[in-house]
Structure formats: structure tokens, C-alpha cells
Amino acid sequence: ADDTQKMLAVSNAKVLQTVSAERDDPWYQTNAPILMKLVRKGMFSEEQVLQDCLYPVVDRLLRLFPLPKEDDQQPQSEISEFHVAIHTSIVELLRSAENLRIGALRGCVLVLKTIVQVSPERIEPFCSQLMKLLSKLVKDHIHQSPGAPGGTFEGLVRLLQGILEVCHIAVAHLGEQRKWLLSTLVVLVDKSKSIPLCKYLLEIAKDWVMNKRDAYPTMKEKASLLQKMISFENRSDRGEILFNNYLELIYDIYTDPSLRRSELTTRLEQPFLLGCRAVDLTIRERFIELLDNNTPRSLTSRLLFICGS
């Protein structure tokens, strides 16, 4: 009976996805009450196929009717009931860290992503529980090995990437929880056995450094994360490509005029010198040329630089 109900739910969700795919905003606004009732339970189910069908609809609804702040008073309506149901489901799932429901958490993270894309500050009521969940998932992840039975390793990596994407978008609004996020990122950089996850961490670091939108993370926090990524040099299984990508980022930092003689470049001298001895000839030559062009030509100055390094 349960299997039959699941199949029926998925079938109905696929129909809804097809019907709503090409609809404009006025159609969504007119049909919002019934759409909200149709999607709010299935989005937080364990069924990934169901989530994939419903998420485009949920995403559109939350962009048209953004989740309000907790202290905002809403008149009683189908929309306010939808918002309460979304908020309650997220809170309950984030609190269920001890009884992990990976499938349902995936739906929760997808919804959170839309919420913070619309209003990054809306992470605030969820960030404490989200950091606790992230910490537990990271502990589980570093004790797993690639190729674990049932695809549990890969599934957990995808969930971690989803949570990190939410944190990446809303990092400026994490408050005191930001230091826990950065500590967790350092642990992942140091101990994760997943090359795709490490690559994603590098992409996050690159965005924070090169796209200077917010005051947070601070230069010191960015430098601390990048310094830890030196450990990528010792990764096996495609680790060389990962480390080369890391060195490319270090090179980009040192050639960005806006970062010249900044706190960031001062703190990243060790990774820069690693670039000067990189195995990849092209990368090594670029670093050495940059070093040569920015070091005084006199013998005394160069000896002082070598001794000081």
C-alpha cells in the first residue's frame, strides 16, 4: 500500500511539474493557495524524485511570497499557513540531527537555499541548528570512505555541499555561528577524502576572496582557510589537479591589484613559495616570474629576501 501511495504521489507531482513549468507569475499568484497545499508535505518527504518534481514549484512560490521574518505579523491566510508549515518543517528537520533522515534533509536544504537566495538574512533563525547539523555530518563524513555500501558516502557529500551552499550565500548573516562554519571548513579541508567536496571548498574560498561583496568573512578568516588548503598537496587520487587549482587561486590573488600588499597576501607567503616549486612547469614558471618581477634586483636585497623567507 505504501509503495502504491508513493508511486501515485510521484505521478501526481510529475503532472504538477509539467503543468506549472511554463506558467507565468500571475498564474502562480492566482493558484498559490492550492499549489501551496499540494507541495508542502511532499517537499520534506524522503523521496528524492518527489522533491525534484516539487522543488521548482516551491522555489517559485517562495520567490513570489518570501518567508517573512519571525516577528512580522501576517494576517491569517493560506499563504501564512504555508510559511508556518515551511518554517516548522525546517526547524524540526534541523533538530533531528541525532536521527538523521538524509532524504528529508535534502528537501529541507533545497528549500533553505531558495529562502536565503531571496533574503540571505532569513538564515538567522535557523543558523544555530544548521551549524550543529553540519558539525555532526562532517564528523560522520570524515569517518567514512569512498565507495561505502549503499552510496552513503556520496549521498552525504551531496548533502554537505547543499548545506555549504546555503552557508556560502548567507555567510554575512551567520553572526557568531560564522566561526563554527569556518572551523568546520578547516576540518573538511584537512580530513575529507572526497576530491569533489574539496574542489567545492576551493570554489567557495575563491568566491569569497575574488568577489569582495561583504565584510565577512574577514581577510584573516579567508587567509586562515587558504593556508589550510596547503594540505591539498598531499591528496591522492586526482589530488594533483586540486592542488594546481589551489596554486592558480594563490597566483590570482597576488596578481589582483586590489589585493596588492594586503593582509591576505602577507599571510599567504608560504603558499606563494610553494608555487615557486610546483611540479607543474607552467605554474612554477609563472610564480618564479612574478617573484622575480617583484623583488629588487640588487644582490643585497635578494639575499635579505632569501634570509627573511
Side-chain angles (χ1 to χ4, degrees), residues 2 5-6 8-99 101 103-133 162-163 165-167 169-170 172-177:
D2 288 344
Q5 289 179 343
K6 287 179 183 178
L8 181 60
V10 170
S11 178
N12 290 338
K14 287 180 178 178
V15 171
L16 177 62
Q17 182 186 30
T18 302
V19 169
S20 61
E22 302 299 327
R23 301 291 184 169
D24 56 14
D25 288 351
W27 183 85
Y28 271 87
Q29 290 166 334
T30 300
N31 294 281
I34 185 64
L35 291 172
M36 289 172 175
K37 289 179 181 178
L38 290 172
V39 302
R40 66 189 188 191
K41 288 185 179 179
M43 193 63 224
F44 298 101
S45 72
E46 296 276 356
E47 297 298 315
Q48 181 173 329
V49 177
L50 192 57
Q51 293 169 3
D52 289 340
C53 293
L54 297 178
Y55 177 60
V57 181
V58 175
D59 178 76
R60 195 82 171 269
L61 289 170
L62 285 172
R63 292 179 188 280
L64 289 170
F65 306 97
L67 197 70
K69 294 182 179 179
E70 286 186 299
D71 53 0
D72 287 352
Q73 294 295 322
Q74 280 188 293
Q76 187 71 23
S77 66
E78 290 91 345
I79 295 172
S80 67
E81 289 178 7
F82 176 67
H83 286 152
V84 169
I86 291 289
H87 186 280
T88 302
S89 296
I90 292 172
V91 169
E92 289 179 351
L93 282 166
L94 292 180
R95 285 177 179 170
S96 67
E98 296 305 317
N99 300 296
R101 295 166 55 202
L105 279 170
R106 177 182 180 272
C108 171
V109 172
L110 285 171
V111 174
L112 260 180
K113 182 175 75 171
T114 294
I115 290 170
V116 298
Q117 283 176 337
V118 175
S119 302
E121 65 275 12
R122 286 299 290 116
I123 194 64
E124 291 171 5
F126 309 114
C127 62
S128 177
Q129 291 298 327
L130 186 63
M131 288 304 105
K132 289 179 181 177
L133 174 62
I163 295 173
E165 184 177 4
V166 170
C167 295
I169 296 167
H173 300 277
L174 291 179
E176 287 297 312
Q177 300 300 321

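Positions are given from 1 along the sequence.
Two residues are said to be in side-chain contact when any heavy atoms from C-beta on lie closer than 4.5 Å; Thr114 and Arg63 meet this criterion. At a threshold of 4.5 Å between non-hydrogen side-chain atoms, the residues Val15 and Val19 count as touching. In this structure the side chain of Leu54 never reaches within 4.5 angstrom of the side chain of Gln17, judged on heavy atoms. Within the 4.5 Å cutoff, no side-chain heavy atoms of Leu110 are placed close to those of Val58. You'll find the side chain of Ile90 reaches within 4.5 Å of the side chain of Phe44, heavy atoms only. For the pair Cys167/Leu130, a side-chain contact is recorded, criterion being any heavy-atom separation below 4.5 Å from C-beta on. Side-chain contact between Glu81 and Met36 is absent, with no heavy atoms from C-beta onward closer than 4.5 Å. Leu38 is not listed as a side-chain neighbour of Val57, based on a closest heavy-atom distance of 4.5 Å or more.
Salt bridge annotation for Arg106-Asp52: present, with a cationic side-chain nitrogen under 4.0 angstrom from a carboxylate oxygen. Arg60 and Asp25 are joined by a salt bridge, as a carboxylate oxygen and a charged side-chain nitrogen come within less than 4.0 angstrom of each other.
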Any chance you could lay out the side chain to side chain contact (heavy atoms under 4.5 Å, CB included) test for Phe82 and Leu62, step after step, and finish with the verdict? CA-CA 10 Å; Phe82 176 67; Leu62 285 172; 3.9 Å; yes
Take Glu78 and Lys37, measure what salt bridge (Lys or Arg N to Asp or Glu O under 4.0 Å) needs, and give me the verdict at the end. CA-CA 8 Å; Glu78 290 91 345; Lys37 289 179 181 178; 5.2 Å; no
Please evaluate residues Val49 and Lys14 with respect to the criterion side chain to side chain contact (heavy atoms under 4.5 Å, CB included), reporting the C-alpha separation (whole Å), side-chain torsions for both, the decisive distance (0.1 Å), and the verdict. CA-CA 9 Å; Val49 177; Lys14 287 180 178 178; 4.2 Å; yes
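Remark: side-chain polar atoms of Ser11 are not paired, donor with acceptor, to backbone N or O of Leu8 under 3.5 angstrom. In this structure, Ser80 contributes its side chain and Ser77 its backbone to a donor-acceptor pair below 3.5 Å. Checked by atom type and distance alone, the side chain of Asp59 never pairs as donor or acceptor with a backbone atom of Tyr55 at under 3.5 Å. Between the Arg40 side chain and the Ala85 main chain, no donor and acceptor come within less than 3.5 Å of each other. The closest donor-acceptor contact from the side chain of Gln51 to the backbone of Ser45 lies under 3.5 Å.
Separating the CD atom in Glu92 from the CD atom in Gln129 is a distance of 12.0 Å, to the nearest 0.5 Å.
For Phe65 and His83, the distance between ring centers is not under 6.0 angstrom.
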